[in-house]
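Computed from a prediction, not measured in an experiment: that's the story for all the values here. Atom set for the values below is all heavy atoms of this structure, side chains included, hydrogens, waters and symmetry mates excluded. Numbered from 1 within each chain, the chains take letters A, B, ... in sequence-line order.
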Protein chains: 2
Amino acid sequence: MGRGKIEIKRIENQNSRQVTYTKRRNGLVKKAKEISVLCDAKVSLIIFSSSGKLEHYLSPQTTMVEILDQYHKNSGDMLWDAKLESLNNEIDRMKKENDNMNVELKHLNGVDITSLNHRELMALEDALDDGLVNIRCKKVSLINL
Amino acid sequence: MGRGKIEIKRIENQNSRQVTYTKRRNGLVKKAKEISVLCDAKVSLIIFSSSGKLEHYLSPQTTMVEILDQYHKNSGDMLWDAKLESLNNEIDRMKKENDNMNVELKHLNGVDITSLNHRELMALEDALDDGLVNIRCKKVSLINL
DNA sequence: CAAACTATCTATAAGCT
DNA sequence: TAGCTTATAGATAGTTT
C-alpha cells in the first residue's frame, strides 16, 4: 500500500526495515484496537522488533492472564508445562555447577580430600601455594603504602 | 474502508458484528504475518471473538514460551502463578550463591583480590595455610602407605 | 445464509524536508 | 534521522447474488 507494490519478504535495507516496522506496528495496534471495540473481541498482541523492543496491546476488557488461560484451554498447548520444564532444567544445571564449586572450595580448604589421589593432591597444593604467594604479595604492597 | 466510513464503537447488530469480525480478524492476521516477514519481528496475536472462539498467530521464528518470557522480562507483569514465581526465586537465590562461591574461589586462587582490605587478606592467608597443612598431612600419609 | 462484488476508505511505500 | 506528504495498494462496509 503505497507508491509501489512490495513483495512480502524480509526487507534487507536496515533503515527501510526499521521505518516500515514502525509504521506497520502502529497500523497493527490500531487495527487490533478497532476489532476489539467494533466486535467486542478480546485481543492480545505482542510484538518484538528485530532489535528486541517490545510493543503490546491488550483489550481493555481483559487481562493477560485471562487471555493466556483461555488460550491454554483452547489450544491445548502445554505452555505452562514447557515453562516449568525449562525452569527446572535451569535449576538442575545450576545445582550441578553449585555442587562442583562446593567440592572445589572444600578441597581448597583441605576438607573431604580423602578420595583424592597423589596427583590431585599435588595440583591442589600448587594452587594453594600460588594463592598464598599472590596474597602475600598483596599484603606486602598494602603494608608498604 | 468500504462503502461508508464507520464510527469505531461496538457494532450493535449481532450479524454485522460477526461478519465484520471475520473480515477484520483475517485482515489482522495477514498484517501480523506481513510485519513478521518484512521486518523480521516476532509477533504473537491472540484473538477471542465475543462468542469465545479462538484465533491466533505466532511468528514462525519463535515460540509462545519465548514470547511470554520476553514479555514478562520487559513488562514486569506478573503472569506466572506462585509456583513459577518460587522457581524463579530459587534460580535467583542459586545464582547469588553461585556468584559468591565464584568470588571465593577466585580469592583463594589469589585472583581479583585488589578490593580486599588487610583483615580480609589475613583471613584468606590463614585459610590457605590451613588448606596447605591438611593437604600436606594427607600427602605424607599417602606416601607412608 | 455465505460468498462474491465494488465503491470507498485506510494504510503505507517512496519521496521529501 | 525523524516527520510530513502523496500517490497508490490494500482492506473492507454495504450490497448483491
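Of the listed residues (Thr20(B), Leu28(B), Asn26(B)), just one forms a side-chain contact (heavy atoms from CB on, under 4.5 Å) with Arg24(B), and that residue is Thr20(B).
Using a 4.5 Å heavy-atom threshold, the side chains of Leu116(A) and His107(A) count as touching.
Between Arg17(A) and Glu12(A) there is no salt bridge, since no side-chain N of the basic residue sits under 4.0 Å from a carboxylate O of the acidic one. Salt-bridge formation is not detected for the pair Lys95(A)/Glu97(A): no Lys NZ or Arg NE/NH1/NH2 atom is positioned less than 4.0 Å from an Asp or Glu carboxylate oxygen. Salt bridge absent: Lys106(B) and Glu104(B) never bring a charged side-chain N and a carboxylate O closer than 4.0 Å.
The span of DNA chain C lying next to chain B, judged by atoms under 4.0 Å from heavy atoms, is bounded 5' to 3' by dT6(C) to dT12(C).
With sequence neighbours left out, Asn102(B) forms a side-chain contact (heavy atoms from CB on, under 4.5 Å) with Met101(A).
Distance alone, capped at 3.5 Å, places no donor-acceptor pair between the Ser59(A) side chain and the Thr62(A) backbone.
Summarising the geometry, the separation between CE on Met1(A) and C1' on dT12(D) is reported as 12 Å, rounded to the nearest angstrom.
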Checking Tyr21(A) against Ile47(A) for the side chain to side chain contact (heavy atoms under 4.5 Å, CB included) test, could you report, in this order, the C-alpha distance in whole Å, the side-chain angles of both residues, the deciding distance, and whether it holds? CA-CA 10 Å; Tyr21(A) 173 74; Ile47(A) 321 171; 3.6 Å; yes
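For residues 5-30 of chain A, proximity to DNA chain D is found at Lys5(A), defined as any non-hydrogen atom under 4.0 angstrom from a strand atom.
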